[in-house]
Amino acid sequence: ITIAPDYSPSAIHADYHVPVEPGSDAALALGMCHVIIEESLYDPVFVREQTDLAMLVRTDTKRFLRQQELTGAGRDDQFYFLDRKTGDVAEASLTTLALGDVDPALEGSHQVTLANGSTAEVVPAFAILKEQLAGYTPEKASAMCATNAETIRALARKVATRRTNILLGFDAGKYYHGDLMERSMCLLLGLTAN
């Protein structure tokens, strides 16, 4: 599949050419991510273990919950999961991505008592991602990237059910916020265990 604004020498060799408005790659990828989550096509085991989407985020600060906030001391890089087995917070390993006995939740909220005695609501980053992707339905993404909404759905389903690689040239880096285009593509691959 070639995703490009023009029908190029590369596109003629592809099975599909998907035209996209220049610089709108992020909208296309986020529209695809919306479909993957909405249709439960993501790989929850991979997402829990290999991404930071299971880590807890404070709803008041929108930052990852840190050990210093819970204990008043400790590390600024110690993050937490909401363990589905115990219903309580559990430390994420600092040495491995393997989850061990922890079964991180991807949704739901939890109240934690902070070191200063106050409480804070925490949710997995995945829950915040779902909220953010509500603005990227295939129809909304289509309006941004000029790719048909049904094509966005079809591409999302292909990525979710097949081994996928994204070959990205240096084009995205030439755009203002090109890093966000690349991050949206990484998100697409992370959700689908690619």
Side-chain angles (χ1 to χ4, degrees), residues 1-8 10-11 14-59 61-64 79 81 92 97 104-107 123-194:
I1 299 172
T2 297
I3 299 172
D6 59 335
Y7 192 71
S8 65
S10 297
D15 294 326
Y16 302 97
H17 170 244
V18 178
V20 64
E21 188 71 29
S24 66
D25 305 68
L28 174 62
L30 293 174
M32 293 167 64
C33 290
H34 174 90
V35 171
I36 288 166
I37 290 176
E38 193 71 23
E39 296 182 6
S40 297
L41 300 173
Y42 61 94
D43 184 331
V45 173
F46 186 88
V47 169
R48 285 183 181 100
E49 183 181 80
Q50 299 293 317
T51 75
D52 62 359
L53 293 173
M55 292 185 181
L56 293 175
V57 174
R58 290 179 54 172
T59 58
T61 64
K62 299 293 189 222
R63 292 180 42 129
F64 287 119
F79 303 118
F81 300 120
L97 293 175
L106 292 177
E107 299 195 56
V123 297
F126 185 83
I128 295 171
L129 174 66
K130 278 182 71 172
E131 288 177 20
Q132 293 295 315
L133 288 177
Y136 291 94
T137 63
E139 288 72 25
K140 290 178 182 177
S142 174
M144 293 178 230
C145 68
T147 300
N148 183 281
E150 288 308 313
T151 301
I152 294 171
R153 284 185 180 87
L155 284 174
R157 293 173 186 138
K158 278 187 181 294
V159 170
T161 58
R162 293 170 177 82
R163 263 293 165 233
T164 302
N165 293 308
I166 295 176
L167 303 175
L168 177 68
F170 294 107
D171 296 340
K174 295 178 182 177
Y175 283 92
Y176 185 65
H177 291 308
D179 61 320
L180 299 178
M181 288 185 227
E182 293 174 6
R183 287 174 187 231
S184 64
M185 292 176 210
C186 289
L187 174 63
L188 178 63
L189 296 176
L191 289 172
T192 57
N194 281 296

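R162 pairs by the side-chain hydrogen bond (donor to acceptor under 3.5 Å, both in side chains) definition with nothing, not counting sequence neighbours. Under the salt bridge (charged side-chain N to carboxylate O under 4.0 Å, His left out) criterion, E107 pairs with K130, sequence neighbours left out. Residues satisfying the ring pair (Phe, Tyr, Trp, His ring centres under 6.0 Å) test with F126, not counting sequence neighbours, are Y42. Under the ring pair (Phe, Tyr, Trp, His ring centres under 6.0 Å) criterion, Y7 pairs with H17, sequence neighbours left out. Residues forming a side-chain hydrogen bond (donor to acceptor under 3.5 Å, both in side chains) with R58 (at least two apart in sequence, or on another chain): D60, E69.
For the atom pair CG (L97) and CD (E49), the distance works out to 6.5 Å, reported to the nearest 0.5 Å. Here the CD1-CD1 distance, from I166 to I3, works out to 7.5 Å after rounding to the nearest 0.5 Å. Atom CG of L56 is separated from atom CZ of F64 by 9.5 Å, given to the nearest 0.5 angstrom. Interatomic distance, C145 SG to Y136 OH, rounded to the nearest 0.5 Å: 11.0 Å. Atom CD1 of residue I152 and atom SG of residue C33 lie 11.5 Å apart, to the nearest 0.5 angstrom. Taken from CG in L191 to CG in L41, the straight-line distance is 10.5 Å, to the nearest 0.5 Å.
Sorted by first and then second residue, the pairs that involve residues 146-158 and meet side chain to side chain donor-acceptor pair (under 3.5 Å), not counting sequence neighbours, are E39-R157, E139-R153, E150-R153.
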Side chain to side chain contact (heavy atoms under 4.5 Å, CB included) between T192 and D43, worked out: CA-CA 5 Å; T192 57; D43 184 331; over 6 Å; no
Side chain to side chain contact (heavy atoms under 4.5 Å, CB included) evaluation trace for T2 with V18: CA-CA 6 Å; T2 297; V18 178; over 6 Å; no
Trace of the side chain to side chain contact (heavy atoms under 4.5 Å, CB included) decision for V159 with L188: CA-CA 8 Å; V159 170; L188 178 63; 4.0 Å; yes
Working for side chain to side chain contact (heavy atoms under 4.5 Å, CB included), residues L187 and L53: CA-CA 10 Å; L187 174 63; L53 293 173; 4.2 Å; yes
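Shortest non-hydrogen contact noted between A141 and G31 is CB-CA, 3.8 Å. Heavy-atom minimum distance, V35 versus P138: CG2-CG, 3.4 Å. The nearest pair of heavy atoms linking M185 to D25 is CE-CB, 3.7 Å.
Using a distance-only test at 3.5 Å, with no hydrogens or angles considered, no donor-acceptor pair links the side chain of S24 to the main chain of A27. N194 contributes a side-chain N or O that, together with a main-chain N or O of T164, makes up a donor-acceptor pair within less than 3.5 Å. Listed for the R48 side chain is a donor-acceptor partner under 3.5 Å among the backbone atoms of P104.
In this structure, a donor-acceptor pair under 3.5 Å is absent between the side chains of D6 and S8.
More than 12 non-hydrogen atoms from other residues, nucleotides or ligands lie less than 6.0 angstrom from CZ of F46.
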